[in-house]
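Just so we're on the same page: letters track the sequence lines, and every chain starts at 1.
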Amino acid sequence: MTVIVFTLIILIGSYFAGLLGSLTGLGGGVVIIPLLTLILNVDIHYAIGASLVSVIATSSGSAAAYVKEGITNMRLGMFLEIATTAGAMCGAILAVYVPTHYIAILFGVILLCSALLSLRKKAEQIVTEKSYLAKKLKLNSCYPTSTGSVQYSVRNVGGGFFMMIFAGVVSGLLGIGSGALKVIAMDTIMRIPFKVSTTTSNFMIGVTASASAVVYLQRGYISPGLVMPVVIGVLFGAFTGSKILVHTKSSGWLRWVFAIVVSFLAGQMIYNGIVGKI
Amino acid sequence: MKFKDTDIQSLIGKVLRGGMMLSMTVVIFGGIFFIYRHGHSIPNYKVFKGIPPFLQNIGSLIHASISFKGQAIIQLGIILLIATPILRVVFSTIGFALEKDYLYVGISILVLLIIFASMMSGHAG
């Protein structure tokens with residue numbers, strides 16, 4: 001296989017990875033890593049490097065739109081970025097010492113959990129009771145809706161912060177955005193409205209990934225010839241996905257199909273990790 | 001003139017979008033050169049062996065980009081892409097300073113310091 005054929009295959013594959021990642025809300029990274037390692041036999045370190053760069057591209061692209069609409073809670077994002085960047089730094093350092101087959105198994109497990117979580121029903125919740133820490137840190141805010149501005153409060157700041165450290169470690173170790181974990185921290189623990197938690201998570205993913213990408217860059221994990229088609233493909237795929245999401249309202253069965261595909265990939269990663277092929 | 005959250009938000013939106021567009025343009029530009037020069041060689045990513053040394057030193061990277069080496073131009077684009085969210089934090093810091101929200105100036109600087117520490121840890125190994 002020559003470079004030109006290889007690049008074209010990755011470009012097309014990454015496009016679908018970006019599309020799938022955007023439609024499931026899992027992000028492009030979780031699909032691109034199995035594609036590169038399982039199908040194209042790329043070393044997992046190169047795959048993680050390429051995925052991380054594509055995660056930054058999609059985060060910057062989509063966060064720009066949400067920030068302008070004023071839904072993103074920038075103070076909350078910045079405060080939690082202390083946790084995610086510190087976690088990402090630890091994850092990236094750990095990645096050097098953890099054997100690749102353990103990385104593959106952990107990747108599969110996280111992917112499986114994320115797929116299950118993406119199926120769960122999302123009910124909008126507004127909490128108004130004031131927490132001391134949230135007030136001190138000016139985290140309580142409001143966001144615009146069609147019926148006017150909605151006020152909300154933030155609960156359990158400590159718990160959310162702790163979960164974000166974990167999300168950061170996973171992101172740095174596996175080269176994914178770990179958006180699912182970030183949304184759990186904000187949705188389930190801190191009780192933030194769903195719309196705010198998803199956009200703020202997206203906003204934070206770029207900085208989190210950058211904190212570990214600076215390590216990967218120096219370790220030679222980011223190989224330009226491979227990253228180029230991955231980042232272009234994922235970005236265009238994610239863009240198409242965001243267009244489709246706007247047009248289709250009831251995508252219930254679509255989510256199930258995706259969850260099954262992603263679970264299959266997760267199983268393959270775990271299996272290949274156990275038998276030591278990765 | 002008083003700075004409000006909304007002013008900073010629109011500025012940050014512009015930084016993110018601009019950085020992403022610029023770096024992707026550089027990556028695609030470099031990609032064309034890369035394919036043109038190496039399109040018919042055989043890629044090997046099966047075994048991890050890092051990247052060529054000329055891509056790891058910023059001086060030689062710029063030098064190679066000027067002489068239109070595709071991989072070097074792509075790598076520059078990637079560095080710009082990685083720098084975009086970090087630049088966003090820098091702009092947020094300035095924004096919080098203009099709002100006189102010193103708690104968040106401190107928090108933003110702490111985030112920047114962590115990223116800097118991460119950069120140093122990669123350098124040491």
Side-chain angles (χ1 to χ4, degrees), chain A residues 1-4 6-7 36 40-47 53 56-57 59-61 63-68 70 72 74-75 78-79 81-82 85-86 88-89 92-93 96 137-138 206-207 209-229 231-232 235, chain B residues 5-6 8-10 12-17 19-20 23-24 27-28 30-31 34-35 38-43 45-51 55-56 70-75 78-79 81-86 88-89 92 96 101 103-104 107-108 110-111 114-115 117-119 121-123 125:
Chain A
M1 196 166 22
T2 60
V3 165
I4 194 154
F6 187 75
T7 305
L36 290 176
L40 295 164
N41 275 320
V42 171
D43 180 271
I44 197 163
H45 284 138
Y46 285 132
V53 175
I56 298 174
S59 165
S60 295
Y66 294 130
V67 167
K68 255 170 73 184
T72 310
M74 294 212 296
R75 283 196 168 74
M78 187 63 80
F79 172 66
E81 274 161 12
I82 299 175
T85 50
M89 175 174 127
I93 295 168
V96 182
L137 290 162
K138 290 175 260 185
V207 180
S210 284
S212 45
V214 291
V215 177
Y216 283 137
L217 197 61
Q218 296 174 68
R219 302 256 180 208
Y221 288 23
I222 296 173
S223 183
L226 180 68
V227 173
M228 184 261 296
V231 67
I232 297 170
L235 196 63
Chain B
D5 265 19
T6 44
I8 300 162
Q9 281 177 356
S10 87
I12 285 171
K14 280 185 192 131
V15 169
L16 286 173
R17 176 154 300 171
M20 194 267 288
S23 48
M24 288 308 288
V27 167
I28 293 171
F34 174 65
I35 296 290
H38 299 281
H40 296 286
S41 48
I42 306 295
Y45 298 106
K46 283 194 177 74
V47 184
F48 181 75
K49 51 184 186 323
I51 53 171
L55 295 173
Q56 275 186 308
Q71 291 193 69
I73 300 172
I74 297 171
Q75 200 73 343
I78 293 170
I79 292 171
L81 193 63
I82 295 172
T84 300
I86 303 172
R88 188 270 283 168
V89 180
S92 300
F96 288 129
D101 186 342
L103 173 65
Y104 273 86
I107 289 174
S108 314
L110 183 58
V111 171
I114 294 169
I115 297 171
S118 184
M119 218 180 284
S121 82
H123 204 68

Top contributor to chain A contacts, counting heavy-atom pairs under 4.5 Å, from B:Lys46, B:Arg17, B:His40, B:His38: B:Lys46
Minimum heavy-atom distance B:Ile51-A:Pro224, with the two atoms named: CG2-CD, 4.3 Å
Residue pair A:Val215 / B:Ser121: nearest heavy atoms and the distance that separates them: CG2-OG, 4.0 Å
Pairwise side-chain contact, A:Met78 with B:Val111, heavy-atom cut-off 4.5 Å (strictly under): yes
Interface residue of largest heavy-atom contact number with chain B, from A:Ile82, A:Ile56, A:Leu40, under 4.5 Å: A:Ile82
Under 3.5 Å donor-acceptor, A:Glu81 side chain and B:Ser108 backbone: no
Candidate pair A:Leu217 and B:Ile79, rule side chain to side chain contact (heavy atoms under 4.5 Å, CB included), full reasoning: CA-CA 8 Å; A:Leu217 197 61; B:Ile79 292 171; 3.8 Å; yes
Backbone N/O of B:Ile115 and side chain of A:Thr85: donor-acceptor pair under 3.5 Å: no
Spacing of B:Ile35 atom CD1 and A:Phe6 atom CZ [to the nearest 0.5 Å]: 11.0 Å
OG on B:Ser118 to CD on A:Gln218, rounded to 0.5 Å: 8.5 Å
Closest-packed option against chain A by number of heavy-atom pairs under 4.5 Å, given B:Val15, B:Ile74, B:Ile73: B:Ile74
Parallel, tilted or perpendicular, as decided by the 30° and 60° cut-offs, for the rings of B:Phe48 and A:Tyr46: tilted
Residue among A:Ile222, A:Leu235, A:Ile93, A:Thr72 with most heavy-atom pairs under 4.5 Å to chain B: A:Ile222
Portion of B:Val27 that has a non-hydrogen atom of chain A nearer than 4.5 angstrom: both
Contacting region of B:Ser41 [heavy-atom separation from chain A under 4.5 Å]: both
Nearest-0.5 Å distance, CD1 of residue B:Ile42 to OG1 of residue A:Thr2: 6.0 Å
Main-chain N/O of A:Gly225 paired with B:Gln71 side-chain donor or acceptor, under 3.5 Å: no
A:Ser60 side chain vs B:Met20 backbone, donor-acceptor pair below 3.5 Å: no
Interchain contact, A:Ala92 with chain B, by part (heavy-atom threshold 4.5 Å): neither
Side chain to side chain contact (heavy atoms under 4.5 Å, CB included) between A:Asp43 and B:Val47, intermediate numbers included: CA-CA 6 Å; A:Asp43 180 271; B:Val47 184; over 6 Å; no
Residue, of A:Val53, A:Thr7, A:Leu226, A:Leu36, that accumulates the most heavy atom pairs under 4.5 Å with chain B: A:Leu226
Chain A interface, residue from B:Gly13, B:Pro43, B:Ala72, B:Gly30 that has the most non-hydrogen pairs under 4.5 Å: B:Pro43
From A:Ser223 atom OG to B:Gln75 atom CD, the distance as rounded to the nearest 0.5 Å: 7.5 Å
Close side-chain approach of B:Ile86 and A:Val207, heavy atoms under 4.5 Å: no
Engaged part of B:Lys49 at the chain A interface, taking heavy atoms whose separation is under 4.5 Å: both
Structural part of B:Leu55 lying under 4.5 Å from a heavy atom of chain A: side chain
Which portion of B:Leu110 sits near chain A, non-hydrogen atoms under 4.5 angstrom: side chain
Main-chain N/O of A:Phe79 paired to B:Tyr104 side chain as donor or acceptor, under 3.5 Å: no
Heavy-atom proximity to chain B below 4.5 Å, by part of A:Met1: backbone
Residue part contacting chain A, namely of B:Leu103, when any heavy atom lies under 4.5 Å: side chain
Residue selection (most heavy-atom pairs with chain A, distance under 4.5 Å) from B:Thr84, B:Ile28, B:Ile107: B:Ile107
Salt bridge (Lys or Arg N to Asp or Glu O under 4.0 Å) between B:Asp101 and A:Arg75, worked out: CA-CA 11 Å; B:Asp101 186 342; A:Arg75 283 196 168 74; 2.7 Å; yes
A:Lys138, NZ: over 12 other non-hydrogen atoms inside 6.0 angstrom: yes
A:Met74 vs B:Ile12, side chain to side chain contact (heavy atoms under 4.5 Å, CB included): CA-CA, chis, key distance, verdict: CA-CA 10 Å; A:Met74 294 212 296; B:Ile12 285 171; 3.9 Å; yes
